[in-house]
Amino acid sequence: MKNSDLSTQCILKIVVTVIISFFVNFCYAQQAAGPDNTEQANEFDSLTLRLIQDGFDPEKTKSLFANKTVIFDPGGVSLFFIHSESSLDYDQFSSRKSIANAQKYMVTHKESLDKAQEEFSVDKTIITAILLVETRLGAYLGKRTVINTLSTMAALTNKSLAERVWRAIANSKKPDRANFDKKVDQKSRWGYDELKALIRYANREGLDPVSIRGSYAGAMGIPQFTPSNALKLARDGNKDGRVDVFDHDDAIFSVANYLKHHGWKSGLGRQRQHEVLFQYNHSNYYVDALLKISDKLK
């Protein structure tokens with residue numbers, strides 16, 4: 001064999017070795033650094049298909065879940081399963097400082113509060129109390145992307161995804177597994193309904209659903225409405241043709257309409273007030289705090 005042939009074979013071997021090495025290293029890097037990326041791309045596939053089957057625009061829906069900021073969020077959703085109302089400090093909202101801030105708010109937004117009270121027959125001190133407890137009168141609106149929360153919740157019909165949420169809960173805070181599984185079943189159905197409402201609300205109001213931020217529980221805006229409540233019960237308080245739960249006038253009218261929808265009217269006794277307010281948040285601690293704040297504001 002000629003030396004030139006040997007040289008050619010050697011060069012070919014080197015080239016092939018380099019190519020194989022590059023390919024192997026590339027695949028290894030993808031597996032080591034990006035399995036979650038691959039998995040991420042598939043986590044919402046069945047959810048996307050489900051939405052399309054339920055009548056949502058195929059291209060818009062696919063584009064929505066192709067957005068890199070729309071992600072499966074087990075850490076955030078895990079908070080759903082360890083939340084305890086009894087551990088919250090509702091007394092903080094009855095402090096002198098909080099009440100003073102609420103009184104200033106009532107002066108600043110007097111026109112809207114008076115109109116809402118007149119139109120819906122809901123005491124403006126109760127409206128203010130709700131906004132105070134929910135978001136500190138709009139100061140704390142939540143930093144989580146609502147669509148991530150609701151999409152993650154809706155996707156928990158997949159047992160492997162539910163397991164990832166289970167693993168995201170610290171061992172010291174893990175609930176009973178049977179109770180967790182039961183709540184997953186309930187919340188996955190709830191999450192899907194709220195996800196559909198979020199998309200419809202965003203479409204109706206000309207919003208990008210990915211831009212909407214809120215609490216770890218998927219509530220949004222100054223009154224912390226769920227998307228279904230924003231879609232059905234939120235109202236246009238400033239008469240600008242839009243229903244924006246991040247606007248104070250709209251938030252005030254929305255809370256008033258919500259309470260009227262659930263039975264609030266002038267002259268309600270204390271017990272009936274408690275029952276109506278309980279619809280806003282199923283917590284006796286919460287309702288007691290609202291009534292205490294309202295009394296102080298009066």
Side-chain angles (χ1 to χ4, degrees), residues 36 39-40 43-44 46-48 50-51 64-65 69-90 130 133-136 140-202 209-232 245 258 277-287 289:
D36 287 343
E39 189 177 11
Q40 184 69 53
E43 282 160 346
F44 294 142
S46 61
L47 183 60
T48 302
R50 190 177 173 190
L51 288 166
L64 176 61
F65 286 96
T69 61
V70 178
I71 61 171
F72 186 77
D73 182 19
V77 167
S78 70
L79 298 174
F80 238 118
F81 299 94
I82 60 176
H83 174 76
S84 172
E85 282 287 319
S86 63
S87 67
L88 300 181
D89 177 21
Y90 281 117
I130 287 175
V133 174
E134 291 294 340
T135 59
R136 287 278 184 185
Y140 299 97
L141 300 176
K143 297 181 180 180
R144 294 193 177 275
T145 304
V146 174
I147 194 170
N148 289 348
T149 298
L150 298 178
S151 297
T152 299
M153 192 67 70
L156 297 186
T157 50
N158 182 317
K159 292 188 181 301
S160 66
L161 297 181
E163 186 64 26
R164 286 177 59 185
V165 172
W166 174 256
R167 294 199 303 267
I169 303 173
N171 288 333
S172 60
K173 295 183 178 181
K174 272 184 168 54
D176 175 77
R177 184 59 193 251
N179 289 335
F180 171 81
D181 290 339
K182 181 180 179 180
K183 196 168 184 178
V184 162
D185 181 58
Q186 296 170 343
K187 290 300 182 181
S188 61
R189 285 183 274 115
W190 175 86
Y192 184 64
D193 288 340
E194 291 298 333
L195 174 62
K196 292 187 291 183
L198 175 69
I199 297 172
R200 287 173 178 143
Y201 171 75
V210 180
S211 70
I212 300 174
R213 294 186 176 274
S215 72
Y216 73 86
M220 59 191 194
I222 299 168
Q224 289 292 278
F225 268 20
T226 60
S228 60
N229 284 327
L231 189 64
K232 298 174 184 177
V245 292
Y258 181 98
L277 293 172
F278 192 80
Q279 298 304 310
Y280 209 100
N281 182 345
H282 293 179
S283 163
N284 289 319
Y285 300 103
Y286 176 87
V287 175

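Just so you know, these numbers come straight off a predicted model, no measurement behind them.
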What I'd like to find out is whether the side chain of Glu134 reaches to under 4.5 Å of the side chain of Pro223, using heavy atoms alone. no
Taking the side chain as everything from C-beta on, heavy atoms only, tell me whether Val184 gets closer than 4.5 Å to Val165. no
Can you tell me how far the [atom1] atom of [X] sits from the [atom2] atom of [Y], to the nearest 0.5 Å?
| X | Y | atom1 | atom2 | answer |
| --- | --- | --- | --- | --- |
| Asn229 | Tyr201 | CG | OH | 11.5 Å |
| Leu47 | Met153 | CG | CE | 12.5 Å |
| Leu64 | Ser151 | CG | OG | 7.0 Å |
| Lys183 | Trp190 | NZ | CH2 | 10.5 Å |
| Tyr140 | Ile222 | OH | CD1 | 14.5 Å |
| Leu150 | Lys187 | CG | NZ | 10.5 Å |

Which atoms form the tightest heavy-atom contact between [X] and [Y], and what is the distance?
| X | Y | value |
| --- | --- | --- |
| Thr149 | Gly218 | CG2-N, 3.9 Å |
| Met220 | Ala230 | CE-CB, 3.6 Å |
| Ala154 | Gly191 | CB-C, 3.9 Å |
| Phe72 | Ala155 | CE1-CB, 4.4 Å |
| Val146 | Ala219 | CG2-O, 4.3 Å |
| Gln224 | Leu141 | NE2-O, 3.5 Å |

Verdict with reasoning, Ile212 to Ile147, per side chain to side chain contact (heavy atoms under 4.5 Å, CB included): CA-CA 8 Å; Ile212 300 174; Ile147 194 170; over 6 Å; no
Between Lys196 and Leu51, does a side chain to side chain contact (heavy atoms under 4.5 Å, CB included) hold up when you go through it step by step? CA-CA 8 Å; Lys196 292 187 291 183; Leu51 288 166; 3.7 Å; yes
Ion pair present between Asp193 and Arg189, side-chain N to carboxylate O less than 4.0 angstrom? no
Using atom types as modelled and distance alone, determine if a side-chain donor or acceptor of [X] lies under 3.5 Å from a backbone N or O of [Y].
| X | Y | answer |
| --- | --- | --- |
| Arg144 | Ser215 | no |
| Thr152 | Asp73 | yes |
| Asn148 | Thr69 | yes |

Once the angle between the rings of [X] and [Y] is folded into 0 to 90°, is it parallel (under 30°), tilted (30 to 60°) or perpendicular (over 60°)?
| X | Y | answer |
| --- | --- | --- |
| Phe180 | Phe81 | tilted |
| Tyr216 | His83 | tilted |
| Tyr280 | Tyr258 | perpendicular |

CA sep, side-chain torsions, deciding dist, call: Tyr286, Ile130, side chain to side chain contact (heavy atoms under 4.5 Å, CB included): CA-CA 9 Å; Tyr286 176 87; Ile130 287 175; 4.0 Å; yes
When you look at Val287 and Tyr90, which way does the side chain to side chain contact (heavy atoms under 4.5 Å, CB included) test go after all the steps? CA-CA 10 Å; Val287 175; Tyr90 281 117; over 6 Å; no
Answer yes or no: are there more than 12 heavy-atom neighbours, outside Lys174 itself, under 6.0 Å from its atom NZ? yes
Only one of Val70, Asn158, Ile71 passes side-chain contact (heavy atoms from CB on, under 4.5 Å) with Phe44, and that residue is Val70
